[in-house]
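What follows is a single structure, written as structure tokens, with notes after it.
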Amino acid sequence: MVVFEDTLSVRLQAYAAEFFEVLMVGSLESPSDVDGLSGAAPDAAPAAALAAAAPTLSFGAAAPAQPPAEACARDVAVLLALWDADDEFKWHFGGGADPWAWHGVGARDGRVTTLDLSGCSPWTAMPEAIGQLEALTTLKLGDENLTALPGAICRLSALTTLSLSYCKSLTSLPVAMGGLVALTTLDLRDCEDLTALPVAAIGRLAELTTLHLGGCVNLTALPQTIGRLVALTTLNLRDCISLTALPQTIGRLAALTALDLRDSRSLTALPQTIGRLAALTTLNLRCCKSLTALPQTIGRLAALTALDLSCCESLTSLPGRAAPSSSVRAHERLFLKTPDDVFGHVLAFWRSDRDY
């Protein structure tokens with residue numbers, strides 16, 4: 001912990017006093033004034049204790065310029081209102097006088113940058129006030145009770161990671177989600193009631209590099225707009241058992257290196273445009289039991305190093321080759337390296353007992 005000189009301590013004390021004056025008696029008189037949240041004001045003890053502790057706060061050897069007090073107060077107001085809204089939040093955060101020290105809360109320069117509420121949501125919908133955490137970069141909301149996200153989420157222009165994994169009751173995503181212009185990772189694993197992605201919104205996530213849809217068992221299709229995700233490197237569709245086809249626009253994902261379709265048991269074919277994925281190194285089709293053939297264009301995947309076709313029970317032939325041998329059907333590893341082979345590089349059929 002950095003020990004401050006007296007002048008800095010005085011300045012921090014004055015800052016804390018101003019900070020909480022704005023919070024408690026200014027434009028945000030109580031957390032109940034924060035949009036989308038209601039209820040009695042929280043116990044003033046956490047706020048008072050934090051103000052009193054100002055001289056011990058550490059901002060490094062030299063104190064950087066602080067953000068406006070109003071913005072800091074707004075962030076703290078949201079946290080305190082969440083803490084006061086339900087006993088489950090109190091348990092999750094762990095209490096204590098300093099909101100910055102609460103479990104699941106990360107901060108930098110007086111602003112909330114990380115909020116992890118996984119498994120603790122007492123609501124079926126998150127409050128609109130979440131949208132006031134404008135410095136937030138990571139938001140995790142995984143909870144089986146959550147059915148909807150607030151439209152105010154579009155205000156989170158700094159957000160880079162949004163995790164909604166195991167939100168098993170989530171039925172849709174808001175159209176406003178397209179406003180998350182900095183988003184690089186979207187995790188929707190095991191969102192079992194999700195049936196579709198917002199067509200326009202998903203195509204606007206131009207910075208997205210990772211899209212995880214594994215276990216979205218009711219997802220039947222991907223929108224054509226997914227082809228606009230030119231920065232996408234990883235697309236996980238494992239256990240999407242209702243997915244029957246991929247859009248032709250998937251061929252526009254020039255940066256894609258890994259495509260995982262394991263156990264997508266309703267998938268019957270791959271689009272011819274898959275041959276345009278020049279950066280693809282891994283294609284996992286394990287247990288795609290309805291897949292009957294591979295497109296000839298798969299031979300154009302010059303960067304491909306691993307192709308898993310084990311347990312593809314309906315696959316009767318490979319492009320440019322005869323029907324798979326009995327050893328392939330038994331999921332033995334097979335290397336096809338002959339110069340005239342349509343693939344022109346290694347195809348791997350992994351043993352069925354391989355760990356994943």
Side-chain angles (χ1 to χ4, degrees), residues 15-16 18-24 26-38 41-42 46-47 50 57 59-60 63-85 89 92-93 98-118 120-121 123 125-142 146 148-164 173-187 198 201-202 204-209:
Y15 173 77
E18 178 186 359
F19 183 95
F20 286 101
E21 181 179 1
V22 172
L23 171 62
M24 305 307 291
S27 59
L28 294 174
E29 294 186 357
S30 74
S32 61
D33 293 326
V34 181
D35 292 344
L37 289 172
S38 59
L50 182 56
L57 295 176
F59 292 97
Q66 296 300 314
E70 292 84 356
C72 297
R74 189 163 51 245
D75 284 7
V76 174
V78 173
L79 293 179
L80 292 177
L82 286 172
W83 181 86
D84 189 58
F89 280 124
H92 177 77
F93 287 138
D98 185 356
W100 305 132
W102 288 351
H103 173 74
V105 176
R108 183 177 182 181
D109 297 335
R111 301 301 307 274
V112 177
T113 57
T114 301
L115 185 60
D116 185 352
L117 298 176
S118 299
C120 77
S121 175
W123 300 311
M126 291 303 297
E128 293 288 330
I130 290 292
Q132 295 190 33
L133 300 176
E134 297 170 352
L136 203 63
T137 59
T138 299
L139 178 60
K140 297 181 179 181
L141 298 174
L146 190 67
L149 296 179
I153 199 172
C154 67
R155 301 177 192 168
L156 304 178
S157 58
L159 196 70
T160 59
T161 299
L162 177 59
S163 177
L164 300 167
L173 299 174
V175 174
M177 194 172 170
L180 302 179
V181 293
L183 198 67
T184 59
T185 299
L186 178 57
D187 189 348
I202 203 70
R204 291 169 58 192
L205 304 178
E207 299 299 317
L208 201 67
T209 59

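Hydrogens, waters and symmetry mates play no part in the numbers below; they use all other heavy atoms, side chains included. Please read all numbers here as calculations on a predicted model, not as lab measurements.
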At what distance, to the nearest 0.5 angstrom, does CG of D84 lie from CG of L79? 12.5 Å
CG of L180 to OG1 of T161, rounded to nearest 0.5 Å, is 11.0 Å
Side-chain donor/acceptor of H103 to backbone N/O of D116, under 3.5 Å: no
Sequence neighbours excluded, which residues qualify as side-chain contact (heavy atoms from CB on, under 4.5 Å) partners of S157? none
So, taking the atom named NZ in K140 and the one named CG in L164, what distance separates them when rounded to the nearest 0.5 Å? 12.0 Å
L156/L162 under side chain to side chain contact (heavy atoms under 4.5 Å, CB included): CA gap, chis, key distance, verdict: CA-CA 10 Å; L156 304 178; L162 177 59; over 6 Å; no
Listed by chain and number, what are the salt bridge (charged side-chain N to carboxylate O under 4.0 Å, His left out) partners of D187, not counting sequence neighbours? R189
So which atom in A71 and which in R111 form the shortest heavy-atom distance, rounded to 0.1 Å? CB-NH1, 3.5 Å
So does T137 get a backbone contact from the side chain of T160, meaning a donor-acceptor N/O pair under 3.5 Å? yes
Looking only at heavy atoms, the pair that brings E134 and A158 closest together is O-CB, 3.8 Å
Roughly how far, to the nearest 0.5 Å, is the CZ atom of R204 from the CD1 atom of I202? 11.5 Å
Hey, what do you get for CH2 (W102) to CG (L115), rounding to the nearest 0.5 Å? 10.5 Å
Taking side chain as C-beta onward, heavy atoms only, is T114 less than 4.5 Å from V105? no
With the side chain counted from C-beta on, respond yes when L139 and L133 share a heavy-atom pair under 4.5 Å apart, and no when they do not. no
Does the pair L149 and L173 meet the rule for a side chain to side chain contact (heavy atoms under 4.5 Å, CB included), with working shown? CA-CA 7 Å; L149 296 179; L173 299 174; 4.2 Å; yes
Looking at A152 and E128, what are the two nearest heavy atoms and their distance? CB-OE1, 2.8 Å
What heavy-atom pair brings A201 and P174 nearest, and what distance separates the two atoms? CB-O, 4.3 Å
Could you walk me through whether M177 and C154 pass side chain to side chain contact (heavy atoms under 4.5 Å, CB included), step by step? CA-CA 5 Å; M177 194 172 170; C154 67; over 6 Å; no
